[in-house]
Amino acid sequence: SSTAAIRRLPMPPSRMGRVPRGSSGSASEEEETTIDLVAVFWRLVANLRWIILAALVGLAIGGFIGAKLIVPKYTATAKLYMLSSDNSVVDLSALQISSNLTNDYVEVFKTWELHEMVRDQLSLDYTYTELTKMLNISNPSGTRVIYVAVTNEDAELAARIANAYVSAAQTFVEVRKGGAFISQDD
């Protein structure tokens, strides 16, 4: 087994010394070490080329990791705007019902059935868990808008999946409730 030794660079004796603490000067008191910062500065200046070389090597390694090993992620967002099932007359009660149902419809995106509809529509090899991790559903407070955001390493696939979720949700809700959606893609 090999052992590594730490080499201590000597400081000039005139620049470093022990200064006794306190006024009595007795040997039993603690001593404080002082370091001359000017000497440390000149030591750094003397080794400046090695410091710059180490910084450049670190920068090159960081650049390689950033360019080759970190995979970019893209997020595509589709929006759903909730309407009452009777589009001709909009009254206060219809708006209240639509606002309340919007929160219920957010839960639809968590159903296994909806994920399966998207998988079948796009012939995806992702599992239910993988699709769930990609999907982010939000409903800004006080609105009837549902944001469907999908994050993936492929921007085009993220957009296709987000649009497929919107389409599948519309089909799912229309079959079960008879509600209406207007979709808007970003």
Side-chain angles (χ1 to χ4, degrees), residues 1 4 44 50-186:
S1 100
L44 289 173
W50 296 111
I51 294 170
I52 292 173
L53 180 65
L56 291 175
V57 167
L59 185 64
I61 290 171
F64 174 78
I65 289 172
K68 300 293 182 188
L69 301 179
I70 297 176
V71 180
K73 300 264 181 171
Y74 302 95
T75 301
T77 303
K79 298 176 191 174
L80 292 175
Y81 180 70
M82 295 291 301
L83 293 175
S84 62
S85 58
D86 180 15
N87 294 334
S88 60
V89 178
V90 178
D91 60 0
L92 185 59
S93 65
L95 289 174
Q96 183 64 34
I97 290 170
S98 292
S99 294
N100 290 338
L101 288 176
T102 301
N103 293 326
D104 295 338
Y105 292 140
V106 167
E107 294 300 315
V108 168
F109 286 95
K110 297 178 183 176
T111 63
W112 176 82
E113 238 178 335
L114 194 69
H115 292 296
E116 287 300 311
M117 290 171 73
V118 170
R119 282 184 55 193
D120 292 343
Q121 182 181 348
L122 298 177
S123 302
L124 298 173
D125 290 331
Y126 293 113
T127 65
Y128 170 81
T129 305
E130 290 170 333
L131 282 172
T132 303
K133 287 180 183 176
M134 283 186 233
L135 184 64
N136 183 20
I137 306 299
S138 62
N139 171 233
S141 179
T143 69
R144 294 181 291 157
V145 177
I146 299 173
Y147 290 90
V148 180
V150 175
T151 303
N152 194 292
E153 296 160 359
D154 181 357
E156 184 180 323
L157 182 60
R160 287 182 26 226
I161 293 172
N163 291 330
Y165 268 108
V166 168
S167 175
Q170 288 173 332
T171 302
F172 185 87
V173 171
E174 286 173 5
V175 166
R176 281 158 186 75
K177 179 70 176 146
F181 282 110
I182 294 177
S183 68
Q184 178 184 358
D185 302 328
D186 280 346

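Gln170 is listed as a side-chain neighbour of Leu80, based on a closest heavy-atom distance under 4.5 Å. Counting heavy atoms from C-beta outward, Leu114 and Val108 have side chains that approach closer than 4.5 Å.
To the nearest 0.5 Å, atom CZ of residue Arg119 and atom OG1 of residue Thr127 are 7.5 Å apart. Here the straight-line distance linking atom CZ of Phe172 with atom CD of Glu113 works out to 4.5 Å at 0.5 Å rounding. Separating the CG atom in Asn139 from the OH atom in Tyr147 is a distance of 9.5 Å, to the nearest 0.5 Å. Lys73 contributes atom NZ, which lies 7.0 Å from atom CG of Asn152 (distance to the nearest 0.5 angstrom).
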Could you walk me through whether Leu135 and Ile161 pass the side chain to side chain contact (heavy atoms under 4.5 Å, CB included) test, one step at a time? CA-CA 9 Å; Leu135 184 64; Ile161 293 172; over 6 Å; no
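Between the side chain of Asn136 and the main chain of Val148, no donor-acceptor pair closer than 3.5 Å is present. When atom types are taken as modelled, the side chain of Ser167 and the backbone of Asn163 share no donor-acceptor pair closer than 3.5 angstrom.
A perpendicular orientation is assigned to the rings of His115 and Tyr165, their planes being inclined by more than 60° (bins at 30° and 60°).
Checked for salt-bridge contact, Glu130 and Lys133 miss the test: no charged N lies under 4.0 Å from a carboxylate O.
In this structure, Ala162 and Ala78 approach most closely via the heavy-atom pair O-CB, 4.2 Å.
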